[in-house]
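In the text below, chain A, chain B and the rest are named by the order of the sequence lines, each starting its count at 1. This one's a predicted model, so the numbers in the text were calculated from it and none came from an experiment.
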There are 2 protein chains.
Amino acid sequence: MDAICKCKNIDKKELERTVAEQPDAETIERLSTFFSVFGDGTRLKILYYLSRHELCVADLASLVQMGQSAVSHQLRNLRLNRLVKVRKEGTTSYYSLDDEHVQSIFEVALEHINEEQR
Amino acid sequence: MDAICKCKNIDKKELERTVAEQPDAETIERLSTFFSVFGDGTRLKILYYLSRHELCVADLASLVQMGQSAVSHQLRNLRLNRLVKVRKEGTTSYYSLDDEHVQSIFEVALEHINEEQR
DNA sequence: TTATTATATGAACAGATATTCATATAAGGA
DNA sequence: TCCTTATATGAATATCTGTTCATATAATAA
């Protein structure tokens, strides 16, 4: 890379280190996918409820006030992204959180938006 | 609310408390918007570079390998969401992070995706 | 078996989003 | 003044995403 840094007020050595240490493409891809999962109100609500109780699909649908199909699709999304897990009992599926980081993520984000009104 | 909890294996009192304490619509809205900002590779890269240096638009464009216009649009997005701030000097705009939480957010998310390959 | 209940999923559709292109603005130099 | 450079932004476009609808699956009850 050569076209870097036309604005010369930063240390070239340091910038090179920054480029060398940049997260690789796969990491960026996974990070953006991960955050996208939290970037939807319906999924956030689902995650909130699941952070409190293990719940079946019908109850989640009633809690977030969405159709069963919509919730089912979103649970699939959350499952594929390893944020929730299922336990089947007869015909009903019980979902719960599958990640210890969800809580931390919520907390930092809440901190951020609460400090926003300065 | 009444249609709640057809699956009766959870404590009704506790569920009512969960509903009572649920984040309000505005909080959900702000949270999902906040996370959406992180849900894009280009913006993640920009945030990474800005976490290391204050940089002008042209340099950012060269670093993330995108057109000036695309980067400018994304910086606008980040600015409106209060994650970056600008400092103007003549015709050039220097951008830097405007949020102490960005680093924490990155860290928790990286922890998550790194533990993913079990 | 037939009916019912709980959930999952493909297809269609609408709305959102990222990038590009063209152009505008605005500062500084010739 | 005119030209160049750095950035910003509106419009157009292509892609992605969330919800709905219809239907499939699978367990259980009658």
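- Atom CZ in A:Phe38 sits roughly 16 Å away from atom P in D:dT17 (whole-Å rounding).
- Between A:Asp59 atom CG and C:dT5 atom P there is a gap of 16 Å when expressed in whole angstrom units.
- At least one side-chain heavy atom of B:Glu29 sits under 4.5 Å from a side-chain heavy atom of B:Thr33.
- A:Thr42 comes within 4.0 angstrom of the backbone, heavy atoms only, and of no base.
- For the pair A:Leu44 CG and D:dG18 C1', the computed distance is 14 Å after rounding to whole Å.
- Across the interface with DNA chain D, nearest-nucleotide mapping of A:Thr91 and B:Thr91 shows B:Thr91 to be the residue nearer the 5′ end.
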Identify the pairs formed between an N or O of the protein and an N or O of nucleotides 8-11 of chain C at a distance under 3.5 Å, and give each distance.
from	atom 1	to	atom 2	distance (Å)
C:dA8	OP1	A:Ser93	OG	3.4
C:dA8	OP1	A:Tyr95	OH	2.8
C:dA8	OP2	A:Ser72	OG	2.8
C:dA8	OP2	A:Tyr95	OH	3.4
C:dA8	N7	A:Gln68	NE2	2.8
C:dA8	N6	A:Gln68	OE1	3.4
C:dT9	OP2	A:Arg76	NE	3.3
C:dT9	O4	A:Ser69	OG	2.6
C:dG10	O6	A:His73	NE2	2.9

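- In this model, no donor atom of one side chain and acceptor atom of the other lie less than 3.5 Å apart for B:Asp59 and B:Ser62.
- In this structure, the side chain of B:Ser36 engages the main chain of B:Ser32 through a donor-acceptor pair within 3.5 Å.
- The phosphate of D:dG18 has OP1 or OP2 within less than 4.0 Å of a side-chain N or O from A:Arg43.
- The closest donor-acceptor contact from the side chain of A:Gln22 to the backbone of A:Val19 lies under 3.5 Å.
- Between A:Phe106 and A:Phe38, the two ring planes are perpendicular [angle over 60°; tilted spans 30° to 60°].
- The distance between atom CE of A:Met66 and atom P of C:dT7, rounded to the nearest whole Å, is 17 Å.
- Residue B:Phe35 contributes atom CZ, which lies 18 Å from atom P of D:dT17 at whole-angstrom precision.
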Q: Give the C-alpha distance, both sets of side-chain angles, the deciding distance and a yes or no for salt bridge (charged side-chain N to carboxylate O under 4.0 Å, His left out) between A:Glu89 and A:Arg87.
A: CA-CA 7 Å; A:Glu89 206 172 278; A:Arg87 173 176 72 82; 2.6 Å; yes
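- Partner of A:Leu83 under the side-chain contact (heavy atoms from CB on, under 4.5 Å) criterion, chosen from A:Leu75, A:Leu97, A:Leu78: A:Leu78.
- Rounded to a whole Å, the CG atom of B:Leu60 is 14 Å from the P atom of C:dT19.
- If you take CD of B:Glu89 and C1' of D:dT7, they are 14 Å apart, rounded to a whole angstrom.
- Atom CG of A:Leu80 and atom P of D:dT17 are 13 Å apart (whole Å).
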